[in-house]
Amino acid sequence: MTSPQNKLKEITQIAERRGFFFPTAEIYGGKAGFYTYGHLGKAIKNKFEALWRKHFLEENCYEIEGNTILPEDVFKASGHLKSFTDPLTECKACHFRFRADQLIEDSLKIKAEGLSIEDLNKIIKENKLKCPKCGSQNLTEVKWFNMMFPLTLGAVGSKEIAYLSPETAQNPYLAFEREFEATRKKLPLGIAMIGKAYRNEISPRQLFFRLREFTQAELQVFFDPDDINKHEKWNLIKSYKLRLMPVSERKSKKVKELSCEDANKKLKLPKMYLYYMQKMHTFFLEVLQIPREKFYFYELSEEERAFYNKFHWDVYLELETLGGFKEVTGLHYRTDHDLGGHAKQSKKSLEVFWNDKKFIPHVIEVSFGVDRNVFAFLEIFYEKEKERTLFKFPAKLSPVEISIFPLVSKDKLPEKAQEVYKKINARYVAFYDDSGSIGRRYRRADEIGCPFAITIDYETLKDNTVTLRDRDSMKQIRVKIPELDNKFKAMEHSL
Ligand code: ATP
């Protein structure tokens, strides 16, 4: 059995060698918190985003593209300017700066998110916590550090302040009035955006799990707060079983399996919120094929969640290389905090007329960090067998779907293989390789998670059949070229 540390090392080595991801500006030594997707990583990211759009953009949900640079007023209104902060401490001996809450979590194995400055200082002193770099106990008092990157617009001397947006969410709020008008003034209205977000993280770490520049896929659902306990598809989802870790079960560490109906009654979660919980659940388990036991929803306590979030559950996936279950996604009931804040700051009414009344819509936010999810796929689907390492990605997520190999590079086999490659590449993501032994080529395809490989041999020239190999079982079958399409559909990791 590979240890989690070795597993992380192996994944990193494959990622860098094969082109999944690598540190940005590596030739200059790289910079913590910045990673580049190589061609394979980018292909997975593109596929993830396409699956996300297909799954979450239902009726009356639309995608927009706003900006990553936004004026200061936006963040005054959203509250980021005042409270988008992390607790910072510095080692007086080696001047290493790091997050006080992470120091506590790493050293004492307790949750420290949401604690006050006073509590953080007290815990650090009482437990005599040390600098993680040099071991000195001489740490500065903890203070808040704002994580937004500021910039000035225009020429030298300009005082026009703007910020790199720390979330995509503000764009849908800014666009709400226009989009509500343009889409025929109906609620619920979903406005999504997939785009970059920037956070000046104090301690970027764990590869691209905590970055300073990352991609979010977020959906803001605007609705009438009187409809919070309704959803037109409730009857379709009410018996669906959710895996939940409510605050009350934290000590026991027992995941509760509750139907949406029971979660509505026992945990008082509203039906509109549960609809999106179920939607996220099916996305992870059915679309992305994450094993059930590696998934649950984690409830944040009142102290941990933002003051405006009435309900906040995060999706946790088990990532053994990062030490256990970790947040990859959140579901937030943000009430009218954002639209209300923008109405106040801009002095514009953002009320709508709907259901015979005027009001500011409330918002449920589905918030995905794309990079954290891509990282999770690499770690969850990675396997090491006696003679090979492989990623058992579902075909829908694989960066390459079908590899095509001529058995040898002579006797008209490459020509035939090229002919097959061209046909297949028109419909799937295919890869042609004619160098090295066939066994080596299979290993290389396994290592990038390609679910199917086709080999063209002497038989092919005679009867138009090829060998089709399945990545996971390594079983090989003989298939007629015109029947390949049907076969891909019928196999376990169907395309
Ligand atoms: P954390 O507590 O881990 O800092 P968060 O609760 O601040 O995350 P949100 O503000 O809810 O995160 O952002 C939504 C999603 O964006 C997260 O679930 C995560 O997937 C992603 N995300 C947030 N910060 C980062 C980061 N620094 N690097 C990569 N992804 C991030």
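We count residues from 1, following the sequence as given. Every number for a ligand or one of its atoms is a count from 1 in the order of the listing.
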Parallel, tilted or perpendicular: ring planes of Phe307 versus His337, cut at 30 and 60 degrees: perpendicular

Presence of salt bridge, Glu58 and Lys279, under 4.0 angstrom: yes

Arg99 bridged to Glu201 by N-O distance under 4.0 Å: yes

Salt bridge (charged side-chain N to carboxylate O under 4.0 Å, His left out) involving Arg243 - partner list, sequence neighbours excluded: Glu257

Output a table of donor-acceptor pairs, distance under 3.5 Å, between side-chain atoms of residues 25-44 and any protein atom two or more places apart or on a different chain; print 'none' if there are none.
from: Thr36; atom 1: OG1; to: Thr24; atom 2: OG1; distance (Å): 2.8
from: Tyr37; atom 1: OH; to: Asp371; atom 2: OD1; distance (Å): 2.7
from: Lys42; atom 1: NZ; to: Asn46; atom 2: OD1; distance (Å): 3.2

Protein residues having a heavy atom less than 4.0 Å from any atom of ligand 1: Glu113, Arg199, Glu201, Phe209, Arg210, Leu211, Phe214, Gln216, Glu327, Val328, Thr329, His332, Ser367, Gly369, Arg372

Contact list for residues 129-138, test salt bridge (charged side-chain N to carboxylate O under 4.0 Å, His left out), sequence neighbours left out: none

